[in-house]
Each structure stands twice: as C-alpha cells, then as structure tokens.
J.: 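Please find one structure pasted underneath; my questions will follow.
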Amino acid sequence: GQQVMQIPQYQHVQEGEDFTTYCNSSTTLSNIQWYKQRPGGHPVFLIQLVKSGEVKKQKRLTFQFGEAKKNSSLHITATQTTDVGTYFCAGHQGGNQFYFGTGTSLTVIP
Amino acid sequence: NAGVMQNPRHLVRRRGQEARLRCSPMKGHSHVYWYRQLPEEGLKFMVYLQKENIIDESGMPKERFSAEFPKEGPSILRIQQVVRGDSAAYFCASSQGNSPLHFGNGTRLTVT
C-alpha cells in the first residue's frame, strides 16, 4: 500500500543553522502538502506542490517536489526559535486520501 | 468563518467505558478525516467520510471503533469499551475536494 517516509525523525539545530527534512513516497503522487504542528497544537497547512520539479518559497522556507513526483523536501534557512515543531508531509494520490509522513520534529537551541 | 470544531478538548474515561468524539467540519466542507496521534508520533489515518458515507476505513481497528457522519450534525468517532492503549490525541480534519486539510484542535483521550 501507499507509504510516505520522512527523515530525519528528530533534528536539533542551533538557532541560525539551516534545517532540511525529506519526504519519500513509495508511489507517484499527484501532489504533496506540508503541515506544521507546534508542540501541543494541531497540524496547520503550509503549502501544496503539484508540478514535477516545482519549487516554492515562503520567506525562509523552501519547498521542492521531485521530478518523479515521489519525493519532496522542506528547507529552512537560518532557523529561529519560532520554527520549533513537527513538520509533516502528506502525499495525495488521486481520490481524496492523504498519506501523512512520519514527521520530523525540529528543536531549535537558542 | 469558524474552523473545524472538535469537542471535547480533553476526555477522561475509565477502562470499559465508551468514548464519543465529535467533529464539526468547516462550513462548506463535506469531507471529514479522523487521525490518531500518540505522543511524539506521527498522524495515523483512521477513517475518511463524506456525508452519510464511509469512504475509506482502512485505518480503523476492526473492533470497538466506529465512525459516522450523518446528514445533519457533527461527525462522531465512537470507541467502545476503551482500553489504556486507546489513550491518544484524536484529530479531525475537513476538506472540500482536493483542498488542503483543515484540522481541529483535537481531543486528548486519557483512559485510566
């Protein structure tokens, strides 16, 4: 069945360092979404990528969708303490089903 | 424009009791999803419903768990005869078509 894996599971960085999380699907996706969950909170939608090779930026966040539409990455430049949380990718493969990755928990050390 | 409403926020049940979790989707959304999250773990899909229909329940345990989304009123996730292992955060999300998911604040279930 559909599987979406994310690495790393945990990441600790010093404030100001960069951070990247990677998402890999076992099958080709129609689109991929990214969500952020703050500690004690609920997942909040960040962005959706649809096209092969697509790159989108939101301030210090850069999202990429692989050419084969099976992998994606989220890169944060110069992390801040407000970036703390768990980042999930969610693969969409037609229909209305979303397959969430295992998440990457980011800790930023001031 | 109210978001996804879940209640209760916290629910404590003793082993063997029933837990009922409610979710009202965003206005205009007809797709409801339930996810379960254990502490420091990911979101595990449970069930996907549209009004009066269960579309995909492949993530639901075969026993004790059921879900519905009636024509009128909220979606309900029901857990019968709860056990300690059911303790988790249960998130509801809604969408319309291929739009992104909007999550509720979740219900934290504790089984004592």
Side-chain angles (χ1 to χ4, degrees), chain A residues 1-12 21-25 29-51 56 58 63 65 69 72 84-107, chain B residues 2-10 21 23-26 29-51 53-60 69 75 88-110:
Chain A
Q2 172 71 39
Q3 285 191 2
V4 178
M5 304 299 293
Q6 257 184 279
I7 55 169
Q9 188 175 358
Y10 301 97
Q11 185 77 61
H12 291 69
T21 173
Y22 301 90
C23 183
N24 291 289
S25 168
L29 301 168
S30 57
N31 65 66
I32 195 159
Q33 299 171 359
W34 285 91
Y35 294 78
K36 177 183 178 181
Q37 184 178 22
R38 292 182 187 275
H42 62 276
V44 175
F45 171 75
L46 293 176
I47 208 160
Q48 176 172 287
L49 304 169
V50 179
K51 299 175 183 175
K56 285 189 177 180
Q58 285 181 350
F63 303 84
F65 201 9
K69 300 183 75 172
S72 181
V84 165
T86 301
Y87 293 85
F88 293 98
C89 62
H92 189 218
Q93 192 190 19
N96 288 102
Q97 181 52 283
F98 297 85
Y99 297 93
F100 276 81
T102 44
T104 296
S105 175
L106 172 64
T107 300
Chain B
V4 178
M5 304 299 292
Q6 282 190 255
N7 66 81
R9 287 293 302 274
H10 301 276
L21 288 61
C23 169
S24 295
M26 276 187 72
H29 286 189
S30 60
H31 302 242
V32 167
Y33 304 77
W34 285 94
Y35 291 87
R36 170 182 159 135
Q37 187 175 42
L38 292 170
E40 300 197 22
E41 290 193 9
L43 294 156
K44 183 176 181 296
F45 167 77
M46 299 183 74
V47 63
Y48 160 46
L49 312 102
Q50 294 181 21
K51 281 286 187 183
N53 288 305
I54 296 175
I55 307 301
D56 181 349
E57 58 181 346
S58 58
M60 287 276 273
F69 188 15
S75 175
Y90 292 84
F91 288 98
C92 168
S94 73
S95 74
Q96 186 57 33
N98 292 328
S99 70
L101 297 177
H102 293 260
F103 282 83
N105 288 326
T107 294
R108 272 79 177 169
L109 172 66
T110 302

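The figures here come from the full heavy-atom set of this structure, side chains too, leaving out hydrogens, waters and symmetry mates. Letters A, B, ... are given to chains in the order of the sequence lines, protein chains preceding strands, and every chain is numbered from 1.
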J.: Examine whether an atom of A:S105 lies under 4.5 Å from a heavy atom of chain B, and if so say whether it belongs to the side chain, the backbone or both; otherwise answer neither.
T.: neither
J.: Would you mind reporting whether A:P43 and B:L43 have side-chain heavy atoms less than 4.5 Å apart?
T.: yes
J.: Is the number of heavy atoms from other residues, nucleotides or ligands within 6.0 Å of CE (B:M5) greater than 12?
T.: no
J.: Quick one: CD on A:Q33 to OG on B:S99, what's the gap to the nearest 0.5 Å?
T.: 8.0 Å
J.: Between B:R108 and A:G40, what is the shortest heavy-atom contact and its length?
T.: NH2-O, 3.1 Å
J.: Would you mind checking which part of A:Q6 comes under 4.5 Å of any heavy atom in chain B, side chain (CB onward), backbone (N, CA, C, O), both or neither?
T.: neither
J.: Kindly say whether A:F98 contributes a backbone atom to a donor-acceptor pair with the side chain of B:Y33 at under 3.5 angstrom?
T.: no
J.: Taking all heavy atoms of B:L101 and all of A:F45, pick out the closest pair and write down the distance.
T.: O-CB, 4.2 Å
J.: Rounded to the nearest 0.5 Å, how far does CD of B:Q37 lie from CZ of A:F88?
T.: 5.0 Å
J.: Could you grab the distance from atom CZ of B:F45 to atom OH of A:Y99, nearest 0.5 Å is fine?
T.: 7.5 Å
J.: Can you say whether B:D56 sits under 4.5 Å from chain A via the side chain, the backbone, both, or neither, judging by heavy atoms?
T.: side chain
